Q: 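Just passing along the structure, written as structure tokens.
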Amino acid sequence: MNWPPEVRRDAETLWRFHRLNHALRPVDVAVGLGSHDDGVPVHVAELYRRGLFPLVVFTGANSPTTVDRFPHGEAVGFREIALEHGVPRAAIRVEATATTTVENIRFTRDLLAEDGRTPRSVLLVSRPYQQRRAHAVATRTWPGVTVRCSAARQDLDTYVAHIGDADRVVTMLVGDTQRLELQARSGEIASQEIPDDVRAAYTRLVATGYTDRLIRPR
């Protein structure tokens, strides 16, 4: 990574804020949230082999950043990776139309309901820095369900090395931070407490130009 020290420091601040590090317990179903991060289904497979859930739903269509990597959709691509890592096909369901985190959760909930499943506990498996927002979305969208989050236990440097694009990771961290506030305003999630150091790091990174994932006012 060739980040200036101040960018590295601010990225680390956002990275630590968005990770939740919930304690892992057995749940009724896991939900693998689609993205560009092919480490998500690998982590799902590790947790499945530990006996933490009997079923996983991979959810996600495509975005401009994933269509080349997963031409048949993120959820389908994640299923194939999970199969390669030992998850049996019978333990996997696919929801291949969601394009936002809210849709990921809502469409997965509806898919399970159509199957006659009403889980009481769910484990969301995602990119490391998506945990806070995914948890906020799920607790608002899926009431009555205990929601926990998990992601591969990587530090920022290891994660960036895996993704292979340091600036992309920073822009995603900035984008997820903005979305916490925007989705709280829209009522999609409960209002989130964002510490002063996180706000300051976010503001500096935006000023530095890490803005590709920001939602622009219409």
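Only heavy atoms go into these numbers, but all of them, side chains included; no hydrogens, no water, no symmetry mates. Just so you know, these numbers come straight off a predicted model, no measurement behind them.
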Q: Between Asp28 and Arg120, does the salt bridge (Lys or Arg N to Asp or Glu O under 4.0 Å) criterion hold? Intermediate values first, please.
A: CA-CA 7 Å; Asp28 295 330; Arg120 298 173 63 96; 5.9 Å; no
Q: Quick check: are there more than 12 heavy atoms from other residues, nucleotides or ligands sitting under 6.0 Å from CZ of Arg117?
A: no
Q: Can you list every ring pair (Phe, Tyr, Trp, His ring centres under 6.0 Å) pair that touches residues 156-200, not counting sequence neighbours?
A: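 Passing the test, one end in residues 156-200: Trp15-Tyr159, Tyr129-Tyr159.
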Q: Is there side-chain contact between Arg109 and Thr141, with heavy atoms separated by less than 4.5 Å?
A: yes
Q: With side chains defined as the heavy atoms from C-beta onward, is the minimum distance between Glu46 and His85 less than 4.5 Å?
A: no
Q: What closest approach, in Å, do Pro119 and Val29 show between heavy atoms, and which atom pair accounts for it?
A: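 Smallest heavy-atom distance, with atoms named: CB-CG1, 3.8 Å.
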Q: Less than 4.0 Å between a side-chain N and a carboxylate O, is that true for Glu12 and Arg16?
A: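 Yes, Arg16 and Glu12 are salt-bridged.
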Q: Please examine the side chains of Asn104 and Val31, heavy atoms only from C-beta on, and report whether any two atoms are closer than 4.5 Å.
A: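 The answer is no, as the side chains (C-beta and beyond) never meet within the 4.5 Å cut-off.
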Q: Taking C-beta and beyond as the side chain, do Arg153 and Arg19 meet within less than 4.5 Å on heavy atoms?
A: yes
Q: Are Val122 and Arg148 side-chain neighbours, meaning at least one heavy-atom pair lies under 4.5 Å?
A: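 In short, these two side chains do not touch, never coming nearer than 4.5 Å.
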Q: Check this for me: does any side-chain nitrogen of one of Arg179 and Glu188 sit under 4.0 Å from a carboxylate oxygen of the other?
A: no
Q: Given the rule in the side chain to side chain contact (heavy atoms under 4.5 Å, CB included) test, do Leu112 and Trp142 qualify, once you have shown the distances and angles that lead to the verdict?
A: CA-CA 12 Å; Leu112 291 170; Trp142 211 342; 3.7 Å; yes
Q: What's the shortest heavy-atom distance between Leu124 and Ala134, and which atoms?
A: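 Shortest heavy-atom separation between Leu124 and Ala134 comes out as CD1-O, 3.5 Å.
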Q: I'd like to check the ring-ring contact (aromatic ring centres under 6.0 Å, His included) partners of His43; sequence neighbours left out, ordered by chain and number.
A: none
Q: Looking at Arg8 and Asp157, is there a salt bridge between them, counting it only when a charged N and a carboxylate O are closer than 4.0 Å?
A: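 Result for this pair is yes, salt bridge flagged.
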Q: Taking side-chain contact (heavy atoms from CB on, under 4.5 Å) as the test, write out the residues that go with Ser191, two or more places apart.
A: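 In terms of side-chain contact (heavy atoms from CB on, under 4.5 Å), with neighbours along the sequence ignored, Ser191 is linked to no residue.
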Q: If I take atom OG from residue Ser35 and atom CZ from residue Arg69, how far apart are they, to the nearest 0.5 angstrom?
A: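 Ser35 atom OG to Arg69 atom CZ measures 10.5 Å (nearest 0.5 Å).
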Q: What heavy-atom pair brings Gly39 and Asp37 nearest, and what distance separates the two atoms?
A: N-OD1, 2.8 Å
Q: Find the distance between CG (Leu14) and CZ (Arg204) and round it off to the nearest 0.5 Å.
A: 9.5 Å
Q: Quick one: side-chain contact (heavy atoms from CB on, under 4.5 Å) partners of Arg132, sequence neighbours excluded?
A: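 With sequence neighbours excluded, Arg132 shows a side-chain contact (heavy atoms from CB on, under 4.5 Å) to Phe17, His18, Leu20, Leu180, Gln192, given in chain and number order.
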Q: Could you measure the distance from the CG atom of Leu182 to the OG1 atom of Thr177? Nearest 0.5 Å is fine.
A: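 Atom-to-atom, Leu182:CG and Thr177:OG1 are 11.0 Å apart.
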Q: Side-chain donor-acceptor pair under 3.5 Å between Asp10 and Thr13, yes or no?
A: no
Q: Would you sort out whether Arg79 and His72 count as a side chain to side chain contact (heavy atoms under 4.5 Å, CB included), showing the intermediate values?
A: CA-CA 11 Å; Arg79 177 184 62 192; His72 301 294; over 6 Å; no
Q: Among Glu95, Arg93, Arg106, find the residue that satisfies the side-chain hydrogen bond (donor to acceptor under 3.5 Å, both in side chains) test when tested with Thr59.
A: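 Considering Glu95, Arg93, Arg106, a side-chain hydrogen bond (donor to acceptor under 3.5 Å, both in side chains) with Thr59 is found only for Glu95.
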Q: Could you go through Trp3 and Thr208, starting from their C-alpha distance and side-chain angles, then the distance that decides it, and tell me whether this counts as side chain to side chain contact (heavy atoms under 4.5 Å, CB included)?
A: CA-CA 11 Å; Trp3 290 332; Thr208 303; over 6 Å; no
Q: Report yes if some heavy atom in the side chain of Tyr202 is under 4.5 Å from a heavy atom in the side chain of Leu205; otherwise report no.
A: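 Result no, sub-4.5 Å side-chain heavy-atom pair not found.
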Q: State, with a plain yes or no, whether a side-chain heavy atom of Arg213 is found less than 4.5 Å away from one of Gln178.
A: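 Sidechains of Gln178 and Arg213: no contact.
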Q: Under 3.5 Å, is there a donor on one side chain and an acceptor on the other for Thr66 and Glu74?
A: yes
Q: Return yes if a side-chain donor-acceptor contact under 3.5 Å exists between Glu103 and Thr101, otherwise no.
A: no
Q: Under 4.5 Å side-chain heavy-atom separation, chaining through any Ile, Leu, Val, Met, Phe, Trp or Tyr, what else clusters with Val76? Say none if it is isolated.
A: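 Its cluster mates, by chain and number, are Leu24, Val27, Val40, Val42, Val44, Leu47, Tyr48, Leu52, Phe53, Val56, Phe58, Phe70, Phe78, Ile81, Leu83, Val87, Ile92, Val94, Leu123, Val125.
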Q: Taking the side chain as everything from C-beta on, heavy atoms only, tell me whether Arg216 gets closer than 4.5 Å to Thr211.
A: yes
Q: Can you give me the closest heavy-atom contact between Cys149 and His22, atom names plus distance?
A: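 Minimum heavy-atom separation between Cys149 and His22: N-ND1, 2.9 Å.
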Q: Quick one: pull up OG in Ser150 and CD in Gln131 and give me the separation to the nearest 0.5 Å.
A: 6.5 Å
Q: Just to verify, what does Arg140 make a side-chain contact (heavy atoms from CB on, under 4.5 Å) with, not counting sequence neighbours?
A: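 Scan of Arg140 (side-chain contact (heavy atoms from CB on, under 4.5 Å), adjacent residues dropped) gives Ala190.
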Q: Rounded to the nearest 0.5 Å, how far does OG1 of Thr171 lie from CG of Asp212?
A: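 If we round to the nearest 0.5 Å, Asp212:CG and Thr171:OG1 are 5.5 Å apart.
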Q: Measure across Val137 and Ile105 and return the closest heavy-atom pair with its distance rounded to 0.1 Å.
A: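 Shortest heavy-atom separation between Val137 and Ile105 comes out as CG1-CG1, 3.8 Å.
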Q: For Leu33 and Ser126, work out which heavy atoms get closest and say how close.
A: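 Minimum heavy-atom separation between Leu33 and Ser126: CD1-CB, 3.9 Å.
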